[in-house]
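Below, chain A is the first sequence line, B the second, and so on; all start at residue 1. Source: prediction; values computed, not measured.
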Amino acid sequence: MTDKKYKIDNTWKELLNTNQVDAVETVDGPVLVVAGAGSGKTRVLTYRYAHLVQKHNIDMDSILAITFTKKAAGEMKDRISELLSLSSPPVWVTTFHSACARILRKHISRIGFNNSFSIYDSQDSVRLVSNCLKELDMDTKQYPPKRIHSQISMWKNKLILPGEVIDEASSFYETKIAEVYVKYEQKLILANSLDFDDLLIKTVELFNTDEDALLFWSKKFKYIMVDEYQDTNFPQYKIIELLSREHKNICVVGDSDQSIYAFRGADIRNIDEFDKDFSNAKTIVLDRNYRSTQKILDAANSVISINKNRKSKNLWTDRTDGPEINSIKFNNENDETQWIINEINNNFNNENYGEIAIFYRMNSQSRIIQEALTREKISYKVIGDVRFYERKEIKDIIAYLTLIANPDNEIAFERVINVPRRGIGNVTIQKLKSLALNLNMPISRLIYKIDDIDELSERVKKQLTNFQEILVGIKSESIDGPAKAIKSMLEITHYEEMLKQEVDYESRWENVQSLITGASEFEIDVERDELDTGDPYSLLTAYLENLSLFAATDELENENKIILMTLHNAKGLEFETVFITGMEENIFPHELSLDDVEEERRLCYVGMTRAKERLYLTHSWSRSSWGGTFYNPPSRFLEEAKGFITDIDKTDYSQFDDSGEENSNYGIGKSVTHEVYGRGVVIEVDGSEISVDFGSEIGVKHFDTEWAPIEYE
DNA sequence: TGTCCTGAATTTTTT
DNA sequence: ATTCAGGACA
């Protein structure tokens, strides 16, 4: 969609319908915009923003525009920048979490934290839970850290404190988890760190306890807009309620049919009760769909209408023409993927790949699609794929930087104290841990006091001193910013030499190089006036925050690449052609979500309504995962769309058969073909274990020749 | 302290 | 199918 530049001369009104214009022009007081799928919600929000700036002369620093995902925030920034011809995007068009991070960077000291706090991502948080369990002598089998963490997160989102949980625990199990919660909170404080939930909760706490801070921020933001309001949770509701107290110019936009985040505490109540929470609220309904054909709307409506307790909406469009929606059945996921690629090749070329999106329920489903696209040399982009930042080499480097910015970060410390190997083993770490526990100080602080610790051998003390010197060395160069910090970390720790020992050294080193590139770009882009000038490491801190809250891979540019993403990530976007894959029971709806199928159904509705022209729903008779093969019946959502979709049977479309051949003569340098990865070269043989290099895009994979689907050429 | 081996876990969705 | 953590052993 190309928006014309916003001009004050009212020509912009020609692009909008009456209700949309109303939503743009109603700037004062509470406004609820009920915006159905494809009703031009983003356009309304961006024009409203432009209108505030141009017509009402509102400073951009006084407008807070909140979206849910990093991707949505990026989209909105781009479109506003285009409308207003800005050279750099407005700072306060952002996600809840990063808005809160920014607020807390300024004022968190007022509630007893240090402004240089670290942000723990989910991985870090789960690790911290794991540490708590160990300290409490609890079995991680009986108490899986991941599940415990999500329970803790649920409590936190309801603003229930550890003490209250302890008091009200009704079972032994609950008491035990409550104890973990207590410890977890203590450890976070000790580590001067916040988890994702804390970013919201501490902001609420700040506003509730510090009148000045609340006044500062609620006076600052004269206008507040919140997108995807149906997905706000309780702390988020609190934050906007508090922030809008002063000016009361709060505009929320949402659609309860598209609420898909209940699993992380989103509460539809927030949007349903908006007019009770904010008195004299005006409601504007956008029910004209500009995106999809009637066929697509009919099918989507048919599915969503199954949900009970739903305020029914009447979305309409004048696009009565359009191709059929096909529901296609395959033998297995390889055929499914291959057929999709052929269909793409028949209808598209590299000029218009950008119009295609492939959706799936969970990220793991994307692997096979990526591999097939790579093999076919079709350019694609995976959205929301955080794996880059989860790679070991990247996490290691980030951990060093984190430790510079916040020496109290326990998780980062444990990660790198012996990476690269420097002879500090588990025994030493355990000693340091129990010592730290006794002294109630972060383990990372201890290394500055090693001379006072008698339990350690001279050799270990020397190694610890060495580690401390490494940190000091990196720190002195980190003032120049993250890129320099990374380079000096690599140099001082001889990290590359360690990587050279790995079989896939080259692709790992490439990752390191792109991390440095990203850091340099960040240094150019960053809003320097937003930084805390009192802190010499604020540039580094900002970079780290950017990493944990905005992955660089998340920008959705017009690159003419096929877009791959989860259904959750698809919200708010639109494409000419959409494939929704894996339409099978237990996949979608996912087997772990069967207790809330209505939410899965909304997710299906969101996915279907992304399509403008052409929608494909595909499913497989069999699918392999966990090294086994599973047979799931077609998704119930296909049945629910019956009458509006056309079934096609492609189970005779056999591109892949299962004839496995035994091979015995593997040797270094031989070419092999892998069923999934394609051609590669054997680079190492060790008994029945071989390593195969599939080139720079796929990298080196390790197989057991007894099992791997490999053939000699 | 480091290495090798075995067995278990992995896969829900996002910040 | 692949990776990872923990335990035994060098």
- Item | Whole-Å distance separating the CD atom of A:Q365 from the P atom of B:dT10 | 18 Å
- Query: Can you tell me if the side-chain N/O atoms of A:S98 get under 4.0 Å from OP1 or OP2 in B:dT15?
  - Reply: no
- A:F196 CZ to B:dT13 P, in whole Å, measures 15 Å
- Note on the structure: Contacts of A:F637 meeting ring-ring contact (aromatic ring centres under 6.0 Å, His included) (sequence neighbours excluded), chain-then-number -> A:F588
- Within the structure, does a side-chain N or O atom of A:N418 lie under 4.0 Å from either OP1 or OP2 of B:dG2? yes
- B:dT11 phosphate, OP1 or OP2: any side-chain N/O from A:N586 under 4.0 angstrom? no
- Message: Expressed as a whole number of angstroms, how long is the span from A:D124:CG to B:dT15:P?
- Response: 16 Å
- Task: Going by the side chain to side chain contact (heavy atoms under 4.5 Å, CB included) test, name the single residue among A:H494, A:E497, A:M498 that passes it with A:P420.
- Result: A:M498
- Query: Hey, does the side-chain of A:S364 have a donor or acceptor N/O within less than 3.5 Å of a partner on the base of B:dT10?
  - Reply: no
- Ranking B:dT11, B:dT1, B:dT15 by distance to the side chain of A:V460, first place goes to B:dT1
- Note on the structure: Which of C:dG6, B:dT15, B:dT1 is nearest the side chain of A:T95? It is B:dT15
- Item | Atom pair distance, as rounded to whole Å: CG in A:D227 and C1' in B:dT15 | 16 Å
- Message: Does A:T428 reach a base, just sugar-phosphate, or nothing at all? Heavy atoms under 4.0 Å.
- Response: sugar-phosphate
- Message: Given B:dT11, C:dG6, B:dT15, identify the nucleotide with an atom nearest to the side chain of A:K146.
- Response: B:dT11
- Taking only residues two or more places apart in sequence or in another chain, which ones pass ring-ring contact (aromatic ring centres under 6.0 Å, His included) with A:Y495? none
- Between P of B:dT14 and CE of A:M154, the distance in whole Å: 15 Å
- Could you tell me whether the side-chain ring of A:Y261 sits stacked on the base of B:dT14, using a centroid cut-off under 5.5 Å and a plane angle under 30°? no
- Please report, rounded to the nearest Å, how far the C1' atom of B:dT14 is from the CG atom of A:L603. 12 Å
- Aromatic A:F234 / basic A:R269 pairing, under 6.0 angstrom, 45° off normal: no
- Message: Restricting to ring-ring contact (aromatic ring centres under 6.0 Å, His included), what partner residues turn up for A:F579, sequence neighbours left out?
- Response: A:Y616
- With sequence neighbours excluded, residues passing salt bridge (Lys or Arg N to Asp or Glu O under 4.0 Å) with A:R636: A:E585
- Query: Which comes earlier along DNA chain B counting from the 5' end, the contact point of A:I429 or that of A:M362, where each point is its nearest nucleotide?
  - Reply: A:I429
- Message: From the set B:dT15, B:dT1, B:dT14, return the single nucleotide nearest to any side-chain atom of A:T566.
- Response: B:dT14
- Query: At under 4.0 Å between heavy atoms, what does A:R459 touch on the DNA or RNA strands: base, sugar-phosphate, or nothing?
  - Reply: sugar-phosphate
Please tabulate, one pair per line, each protein N/O and nucleotide N/O from nucleotides 3-9 of chain B that are separated by under 3.5 Å, including the distance.
from: B:dT3; atom 1: OP2; to: A:R421; atom 2: NH1; distance (Å): 3.0

- A:F263 CZ to B:dT11 P: how many Å, rounded? 14 Å
- Message: In whole Å, I'd like the distance from the CZ atom of A:R361 to the P atom of B:dT11.
- Response: 14 Å
- Query: Is there a side-chain polar atom (N or O) of A:N363 under 4.0 Å from OP1 or OP2 of B:dT13?
  - Reply: yes
- Query: Quantified in whole Å, what is the P atom distance between nucleotide B:dT11 and nucleotide C:dA5?
  - Reply: 12 Å
- Those residues that, when tested against A:F263, pass ring-ring contact (aromatic ring centres under 6.0 Å, His included) (two or more places apart): A:Y261, A:H568
- Message: Is it true that A:Y237 and A:D267 share a donor-acceptor pair across their side chains at a distance under 3.5 Å?
- Response: no
- Query: Within the pair A:K571 and B:dT14, is there a side-chain N or O less than 4.0 Å away from OP1 or OP2?
  - Reply: no
- Taking only side-chain nitrogens and oxygens of A:N569, does any of them come within less than 4.0 Å of OP1 or OP2 of B:dT14? yes
- Query: Would you say A:M76 and A:L45 make side-chain contact, with heavy atoms under 4.5 Å?
  - Reply: yes
